[in-house]
Amino acid sequence: MRTPVAERAKGWARRAPLLPALVFLVVVTQLPFVATVVISFMRWNALAPDHRGFAALDNYRAVVTDPALRSSVGTTVLLTASVVLVSLGLGLGLALLLDRSFRGRGIVRTLLITPFLVVPVAAALLWKHALYNASYGLFNGALTWLWQLFGAGEPPQPDWMTDSPLLSVELSLIWQWTPFMMLILLAGLQSRPADAVEAARMDGATAFDIFRHLTLPHLRRYLELAALLGTVYIVQNFDAVFTLTSGGLGTANLPYTLYQTFYQAHDYGRASAQGVVVVLCSLLVANFALRTVSSLLREEITR
C-alpha cells in the first residue's frame, strides 16, 4: 500500500517535466502583464521625465474620458462586427460547397485556405499596392477594362483607401479571415450525423429543409465558436490598420490608439492603462470562447 508521501512524490515526478514550460510561460506572459499593471498606476511620460510618480487612478480616468479612445472603441466594434459577420456568412457558404464531393476538391480547399496562411502585414501590403492603388491597382485596372469594353467615357479611378478607408480595411480582413471561419464550419459539417440527413431525404425533405432543421442547429455551436474566436483575434488586429491607413480617416482601432499613446505621445502610464483595459475586454470574449469549446467537447464525448 502506498503512503501519502509516496503518492505526492509520484505526482511531483509526473509534473516535474512541465515545470520548465510553466516557468517560461509565467516569465514571458505574466510578469510583463504585472509590470504593465504597475506602470498603469504611474505618471510616466518620456517627454517629461521630471514629473514621474504615482498617479493612482488618473490614467484610468483619462482612458475613460478620452474622446479619441471612445472613438477608437466605436471603430473597433464596427470593424470587428462587420468582419466577423461577413466572414462567417462567406465561410458558411464555402463550407457548404466544400462539403460536397467533386473533382479537385482538395486543390480548391488548399487554395481557399491560402489567404489565412499569408502573413498579416504581407496581406495588407498586397491589398494596398496590388489591389487598392489608384494608379496600377487591380480594382482600377478592372474598371478601366470594363469602361473600354463597353465604349463608355472616361473610367472612374477612385482612391479606395481615401474614399472608403474603413471599408478598405474591412475587405482585407474579410479576405483573410473567411478561410478561418470556413475551416471551423467545415469541421462541424463533417461531424453531422449522415444517417439523419439520409433519413430526411428519404422522407422527402428539400435541401433547404435539411439545412434549416438539421444542418443549422447542428452548426450552432460551431458558429458561436467561430464568431467568438474571430472576435478575439480581430479585436487585436493592428497590421491592417497600420499598413493600409496608418490609423487615419477614422480607422484607428484600440490597438492602434494604444500604439499612438505609447510610441508617439510617449505616455507610458496612460498606454499601460489602455493596454490593461484592452486585455480585460479580450479576456471577457475569450472566456465565452473557452466555454463554447468546453461545451463542444462535452457534446462530442457524450455521443
Side-chain angles (χ1 to χ4, degrees), residues 29-86 120-121 124 161-170 172-174 177 227-291:
T29 62
Q30 303 307 310
L31 291 184
F33 181 70
V34 171
T36 301
V37 173
V38 172
I39 295 173
S40 69
F41 291 101
M42 295 179 61
R43 185 174 58 255
W44 187 356
N45 193 313
L47 302 179
D50 297 333
H51 292 82
R52 187 185 307 173
F54 181 67
L57 296 175
D58 291 347
N59 289 324
Y60 288 95
R61 292 194 193 97
V63 167
V64 173
T65 58
D66 186 7
L69 188 70
R70 286 201 298 270
S71 175
S72 68
V73 169
T75 301
T76 303
V77 171
L78 179 60
L79 179 66
T80 304
S82 58
V83 171
V84 168
L85 291 176
V86 176
V121 174
M161 289 181 292
T162 302
D163 298 340
S164 306
L166 190 59
L167 180 61
S168 300
V169 177
E170 289 170 348
S172 68
L173 290 175
I174 289 169
W177 284 96
L228 288 169
L229 290 178
T231 300
V232 169
Y233 288 116
I234 295 168
V235 160
Q236 304 173 34
N237 182 272
F238 173 80
D239 310 81
V241 174
F242 178 80
T243 305
L244 290 173
T245 62
S246 297
L249 303 173
T251 60
N253 58 352
L254 280 171
Y256 190 85
T257 303
L258 196 156
Y259 159 80
Q260 285 182 312
T261 306
F262 192 91
Y263 287 102
Q264 296 180 1
H266 301 285
D267 194 337
Y268 303 148
R270 185 176 299 185
S272 298
Q274 290 176 350
V276 171
V277 171
V278 171
V279 168
L280 292 178
C281 293
S282 299
L283 286 176
L284 288 175
V285 180
N287 184 44
F288 286 110
L290 290 174
R291 288 186 178 183

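Keep in mind it's a predicted model, so treat the numbers as computed, not measured. What you see below is based on every heavy atom in this structure, not just the backbone, and it leaves out hydrogens, waters and symmetry mates. Index from 1, following the sequence.
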Please list all pairs meeting side chain to side chain donor-acceptor pair (under 3.5 Å) that have one or both residues in [range], counting only residues at least two apart or in different chains.
range            : value
residues 234-246 : T245-T251
residues 66-78   : S72-T257
residues 268-277 : T261-Q274

- Output the distance between atom CG (D267) and atom CG (N59), rounded to the nearest 0.5 Å.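 Answer rounded to 0.5 Å: 6.5 Å.
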
- Just how far is it from atom CG of N253 to atom CG of L78, taken to the nearest 0.5 Å?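 Between N253 CG and L78 CG, I get 11.5 Å after rounding to 0.5 Å.
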
Output all residues satisfying side-chain hydrogen bond (donor to acceptor under 3.5 Å, both in side chains) with [X], sequence neighbours left out; order by chain, then residue number.
X    : answer
Y60  : S40
T80  : none
S168 : none
E170 : S82

- Query: For F54, does the CZ atom have more than 12 heavy-atom neighbours from other residues, nucleotides or ligands under 6.0 Å away?
  - Reply: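 Count over threshold, so yes.
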
- Partners of F242 by side chain to side chain contact (heavy atoms under 4.5 Å, CB included), sequence neighbours excluded?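 Only F238, Y256, Y259 meet the side chain to side chain contact (heavy atoms under 4.5 Å, CB included) criterion with F242.
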
- Does some side-chain heavy atom of F41 sit less than 4.5 Å from a side-chain heavy atom of D58?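 Contact flag for D58/F41 side chains = no.
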
- Item | Distance-minimising heavy-atom pair for S172 and L244 |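 Looks like OG-CD1, 3.5 Å.
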
